[in-house]
Amino acid sequence: IAVLAILVLLLGGGSFLFNQLLHLDSYKEQILAQVQQALDRQVIYEKGSFSFRFGPQFIFTHVTVKEKGSAATFISADRLSIRLSLLPLLEKKMVLHDIELDKPVITIYRDKAGVFNFSDMLEPKEVKKDEIEIQIREIRINKGDIRFTDMAVAPQVLITILTGTDLSINHFARGKNCAIKFATDI
């Protein structure tokens, strides 16, 4: 009975310690600093949590990404979920199995020169020797609203608004074929 009691205490204490270590809000400043540096944009979120159901998953609520060098909002979402693949970590690669945005509002614009507000994020970045390579396998948008302002297509501004957008992009990689599923209301 004493061995069973010690085992229960160890498991309970280990579970409590594991939960505290993975309480993302205690690392909020570090998380935001890394993401803001990677995106070169201000990022805000309300709450972060971790789940290990079906693999490691990071969940953030009320996420906002600002436009580069501006207070205007580029993307906001009720919920952002990022699921991580474990095996590639052994090869110093980070594979994001999927990124899912619930009810995002996305503002896209293209200026008169044909440059999108997110073009800088698509430029290839050299992975340094001590950095971990990041790959994304799937991106999903659930019930999103997308506002596209195009100043390059005509002398007058063309605005297209997509509501209730569901989008899935699989096998997402630069220079590779991918599968896209897209449904929206215009």
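Sequence positions, counted from 1, serve as the residue numbers for this chain. Predicted model only: the values in this text are computed from it and were never measured.
No chain of hydrophobic side-chain contacts below 4.5 Å, direct or via other Ile, Leu, Val, Met, Phe, Trp or Tyr residues, connects I169 to V95. Clustering ILVMFWY residues whenever any of their side-chain heavy atoms sit less than 4.5 angstrom apart, transitively, puts V115 in a cluster other than the one holding I75. In the hydrophobic cluster analysis, where Ile, Leu, Val, Met, Phe, Trp and Tyr join through side-chain heavy atoms closer than 4.5 angstrom, Y27 is grouped together with F60. Linking ILVMFWY side-chain heavy atoms closer than 4.5 Å, directly or via other members, places L122 and I136 in a single hydrophobic cluster. Linking ILVMFWY side-chain heavy atoms closer than 4.5 Å, directly or via other members, places F50 and L32 in a single hydrophobic cluster.
With hydrogens and angles ignored, the 3.5 Å screen pairs a side-chain donor or acceptor of Q36 with a backbone N or O of V43. Under the 3.5 Å distance criterion, the side-chain polar atoms of T184 are matched with a main-chain donor or acceptor of T163.
The two residues V157 and I159 have their closest heavy-atom pair at CG1-CG1, 3.9 Å. Shortest non-hydrogen contact noted between L101 and A77 is CD2-CB, 3.7 Å. L39 approaches D120 most closely through the heavy-atom pair O-OD2, 4.3 Å. Of all heavy-atom pairs between R41 and M121, the closest is NH1-CG, 3.4 Å. The two residues I141 and P104 make their nearest non-hydrogen contact at CG2-CG, 3.4 Å. Nearest heavy-atom pair across H97 and S85 is CB-OG, 3.5 Å.
No side-chain donor from either of E67 and T73 sits under 3.5 Å from a side-chain acceptor of the other.
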Test side-chain contact (heavy atoms from CB on, under 4.5 Å) on D185 and L162 and set out the steps.
-> CA-CA 6 Å; D185 295 323; L162 308 174; over 6 Å; no
Before giving the answer on side-chain contact (heavy atoms from CB on, under 4.5 Å), spell out for D145 and I106 the whole-Å C-alpha distance, their side-chain angles and the decisive distance to 0.1 Å.
-> CA-CA 6 Å; D145 293 336; I106 303 170; over 6 Å; no
Step-by-step side-chain contact (heavy atoms from CB on, under 4.5 Å) determination, E138 to L96 = CA-CA 8 Å; E138 181 178 6; L96 305 179; over 6 Å; no
Please assess I59 against R79 for the test side-chain contact (heavy atoms from CB on, under 4.5 Å), listing each intermediate value before the final yes or no.
-> CA-CA 7 Å; I59 302 162; R79 182 174 175 266; 3.6 Å; yes
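With values rounded to the nearest 0.5 angstrom, H171 atom NE2 is found 10.5 Å from N177 atom CG. Atom NZ in K181 sits 11.5 Å away from atom CG in D166 (nearest 0.5 Å). From L158, atom CG reaches atom CE of M151 across 11.0 Å, with rounding to the nearest 0.5 Å. In this structure, the separation between CD on Q42 and NZ on K66 is 6.0 Å, given to the nearest 0.5 Å. Annotation: the span from I139 atom CD1 to I82 atom CD1 amounts to 10.5 Å, rounded to 0.5 Å. Between atom OG1 of residue T107 and atom CG of residue N117 there is a gap of 8.0 Å, rounded to the nearest 0.5 Å.
By the 4.5 Å heavy-atom criterion applied to side chains, P88 and M94 are not counted as neighbours. For the pair F118/I108, a side-chain contact is recorded, criterion being any heavy-atom separation below 4.5 Å from C-beta on. Between T61 and Y45 there is no side-chain heavy-atom pair separated by less than 4.5 Å. With a 4.5 Å cut-off on side-chain heavy atoms, R110 and V153 count as touching. Between L86 and P56 the shortest side-chain heavy-atom distance falls below 4.5 Å. For the pair F58 and L80, the minimum side-chain heavy-atom distance is 4.5 Å or more.
By the 6.0 Å contact criterion, NE2 on H62 is enclosed, its count of non-hydrogen atoms from other residues, nucleotides or ligands being greater than 12. No more than 12 heavy-atom neighbours from other residues, nucleotides or ligands sit within 6.0 angstrom of CG on L87. Other residues, nucleotides and ligands contribute only 12 or fewer heavy atoms inside 6.0 Å of the CD atom of E29.
The pair D102-K143 fails the salt-bridge criterion, with no side-chain N (NZ, NE, NH1 or NH2) lying under 4.0 Å from an Asp/Glu carboxylate O.
Cation-pi contact between K68 and F74: absent, since separation from the ring centre below 6.0 Å together with deviation from the ring axis within 45° is not met.
Between F116 and F148, the two ring planes are parallel [angle under 30°; tilted spans 30° to 60°].
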